[in-house]
Amino acid sequence: MNVFDDIAGRIRGALAALSTSGTLAADIDHEGFDVETPRDPTHGDFASNVAMVLSKRAGMKPRDLAEAVKARLEGERGFAKIDVAGPGFLNMTMEPAFWHGLVVAVGREGAAYGRSDIGKGAKVNVEYVSANPTGPMHVGHCRGAVFGDALANLLAFTGYEVTREYYINDAGGQVDVLARSAFLRYREALGEDIGPIPEGLYPGEYLKPVGAALAKTHKKTLLDLREDEWLPPVREFAIAAMLDMIRDDLAALNIRHDVFTSEAALSRGKTDKVKLAIDALRKKGLIYEGRLERPKGHDDEEWEDREQTLFRSTAFGDEADRALQKSDGSYTYFAGDVAYHYDKLARGYRHLVNVFGADHVGYLPRVLAIVAAFTGGKLDVDAKGRLRSWRTVGGSADLELKVVSLVKLYKGGEPYKMSKRAGTFVTLRDVVDEVGRDPVRFMMIYRKELEPLDFDFAKVTEQSKDNPVFYVQYAHARAASVFRNAKEAFSDLDPGAELAGADLSRLTDPDELALIRKLAHFPRLTAGAAEAREPHRVAFYLYDLASTFHGLWTRGNDSPHLRFIQATDRSLTVARLALVAATRQVISSGLSVLGVEAPDAMR
RNA sequence: GCGCCCGUAGCUCAGAUGGAUAGAGCACUCGCCUUCUAAGCGAGUGGUCGCAGGUUCGAGUCCUGCCGGGCGCGCCA
């Protein structure tokens with residue numbers, strides 16, 4: 001049940017009737033108008049700009065058209081008052097019974113309330129986290145991880161078929177560094193004094209267990225091998241260990257990916273998928289041998305002018321063509337990404353969503369170019385060739401990039417610098433252990449993803465009561481407690497059976513109706529948030545809903561007749577319980593989208 | 001130098017894809033616990049939506065140019 005769709009449908013019905021009766025031309029397009037809640041409550045429950053939007057097409061003045069629609073709607077059930085206001089707004093106030101019907105709908109739909117089919121079952125792949133498997137997750141990874149996970153939940157909630165994917169960057173130099181670092185710990189585990197960790201290797205303690213495990217498995221056999229002999233098996237072993245650790249870290253945040261795709265595996269084994277993907281681009285005339293210009297604003301002595309294999313990403317608006325092979329003949333990271341997106345598209349996704357950190361923005365146009373090339377689409381650019389959005393358009397499938405601004409770390413008000421090399425980083429596990437999973441998740445989503453986020457470790461751990469997550473959870477706990485107390489007032493109460501038959505006309509207080517209106521927003525909110533790929537809207541909505549609920553609750557302190565439980569009036573109690581149940585349901589559903597617990601009690 | 005992102009109350013941020021008189025939290029002031037959980041509620045103070053133009057019935061939202069802050073810009077990953 002989406003009341004906005006309901007009202008829009010009724011307006012469409014009125015327009016159709018007007019076309020039939022000849023007031024409107026029969027062939028004009030009726031779409032493009034909005035139904036929304038006016039900011040000013042005195043303007044009614046709903047406002048529509050239908051008359052202003054259609055006035056040109058109809059050849060009528062907005063106010064005249066509004067009056068005509070109004071006359072048609074006034075015969076409909078549910079409308080208490082309709083006004084034409086301002087330049088031609090249609091302001092509609094509904095009967096209380098209309099709102100009571102929504103409580104019934106929430107009760108009937110239960111956990112399905114707020115879900116929608118706007119995704120139409122389209123397959124969407126959400127790729128997020130994709131941290132290098134060279135160490136544990138740190139707080140910096142946290143935001144993209146939680147954002148991606150909540151977005152995936154949201155898309156699933158709104159009718160998409162979602163795959164959660166992690167791209168393992170297990171090729172290239174960094175994992176070799178990992179292998180050498182692990183090898184050092186292996187020697188250490190065998191009793192050797194390795195001294196300080198050399199510059200350029202990872203010093204973290206987390207590699208000690210890896211070294212010990214290597215020693216246990218291989219005894220001293222690796223010591224006699226040359227590096228090119230021991231490195232591959234050590235690398236493979238260390239990567240597996242790091243991935244286990246990362247999976248554990250993610251599980252601590254309640255994040256589980258469906259698919260892990262290995263970068264290294266793309267060009268390993270029988271078929272070189274990187275070569276396949278590049279060949280596919282070559283067939284489209286997008287691969288050539290050539291030279292790149294020296295980049296501006298960069299004066300590096302090591303710059304080498306060299307003829308190389310290039311992808312013509314400038315054809316899609318990228319600022320330069322991109323190299324696919326390094327001078328040693330191995331593939332670049334970008335070449336792997338070409339194959340990776342080729343592979344994802346081959347798996348039949350209609351939408352690809354990648355969550356990136358803001359420090360990767362410079363890389364994004366070329367990724368868009370890959371997908372545009374494979375899907376026959378293009379980048380979303382304006383007349384001057386500048387990007388209008390981080391997505392491809394017009395192809396058989398599209399890629400959308402979500403850029404998550406970095407988290408700025410503070411410790412007690414002072415900026416806190418992290419360095420994996422120096423071993424001074426705050427792990428995700430540290431944060432979750434101290435603050436708790438729910439506050440971390442909520443905090444990371446309680447901000448638009450493009451907005452920088454200040455994360456004060458000390459403040460968050462010491463003053464976690466300030467976190468809005470408790471406010472929302474508390475509303476849910478209070479709702480649950482009402483039911484416990486109701487059982488005491490009416491020992492034979494059976495909510496499951498009685499709520500469905502509640503006499504909701506007993507809900508007459510303006511604040512009760514205001515709460516229902518808030519609940520009515522939920523389906524529209526989730527749909528809008530999903531389309532905009534903005535899970536933070538759900539968090540803000542829940543805060544707002546919780547606030548409305550707390551307000552109603554507290555009014556019961558001063559005005560006992562407004563308390564939910566009225567020991568002498570079972571019918572009224574049951575009606576209010578139906579409202580409380582609906583509120584509890586929406587909070588619970590909303591929190592589940594965010595991946596946050598909805599506790600029944602908080603003390 | 002170039003590209004991207006951000007600029008809204010003292011601070012931290014929303015603003016539902018262009019709607020009517022711009023909102024919330026924190027902070028500050030004043031009230032509310034014998035009573036469904038005070039991790040709560042009500043009221044008040046606080047604004048040139050960075051600046052200047054433009055588009056239209058209407059702009060915090062779209063366009064142009066500036067100013068300020070952040071991130072980034074080679075075969076790294």
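Everything numeric in this text was worked out from a predicted model, so none of it was measured. Per chain, numbering begins at 1; letters A, B, ... match sequence-line order.
Figure legend: cation-pi geometry between A:Arg524 and A:Phe4, with NZ or CZ positioned under 6.0 Å from the six-membered ring centre and within 45° of its axis.
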Nucleotides 54-68 of chain B: protein proximity per nucleotide (B base, S sugar-phosphate only, - neither; heavy atom, under 4.0 Å)
----------S----
Contact string for nucleotides 8-14 of chain B, one letter per nucleotide 5' to 3', B = base within protein heavy-atom range under 4.0 Å, S = sugar-phosphate only, - = neither, reads ----SSS
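In this pair, A:Tyr333 and A:Tyr167 present their aromatic rings tilted. The plane angle is within the 30 to 60° band. Between A:His536 and A:Phe540, the ring planes lie perpendicular to each other; the angle is over 60°, past the 30° to 60° tilted range. The aromatic rings of A:Phe316 and A:Phe311 lie parallel to each other, with less than 30° between the two planes, well short of the 60° mark.
Remark: RNA chain B forms stems of 3 or more consecutive Watson-Crick or G-U wobble pairs, all pair distances under 3.5 Å, at B:1-7 with B:67-73, B:10-13 with B:23-26, B:28-32 with B:40-44, B:50-54 with B:62-66.
Atom CG of A:Asp328 is separated from atom P of B:C76 by 10 Å (rounded to the nearest Å).
Judged by distance alone, with hydrogens and angles left aside, A:Arg555 brings no side-chain donor or acceptor close enough to the base of B:C41 to form a pair under 3.5 Å. On a pure distance criterion of 3.5 Å, a polar donor-acceptor pair joins the side chain of A:Asn91 and the base of B:A20. In this model, no side-chain donor or acceptor of A:Ser547 finds a partner on the base of B:A24 within 3.5 Å.
Base engagement by A:Ala477 is indicated by at least one non-hydrogen atom pair under 4.0 Å involving a base atom. Using a 4.0 Å heavy-atom cutoff across all strands shown, A:Thr332 reaches sugar-phosphate atoms only and no base atom. Note on A:Asp558: only backbone sugar-phosphate atoms sit closer than 4.0 angstrom, heavy atoms only; bases stay farther off.
For the pair A:Tyr474 and B:G40, the ring geometry does not qualify as stacking, because the centroid separation below 5.5 Å and plane angle under 30° are not jointly satisfied. Taking a centre distance below 5.5 Å and an interplanar angle below 30 degrees as the stacking criterion, A:His43 stacks against the six-membered base ring of B:A20.
Aromatic rings of A:Phe470 and A:Phe442 (six-membered ring for Trp) have centroids beyond the 6.0 Å cut-off, not under it.
Of the residues listed (A:Tyr543, A:Phe564, A:Tyr474), the one engaging A:Phe549 in a ring-ring contact (aromatic ring centres under 6.0 Å, His included) is A:Phe564, and it is the only one.
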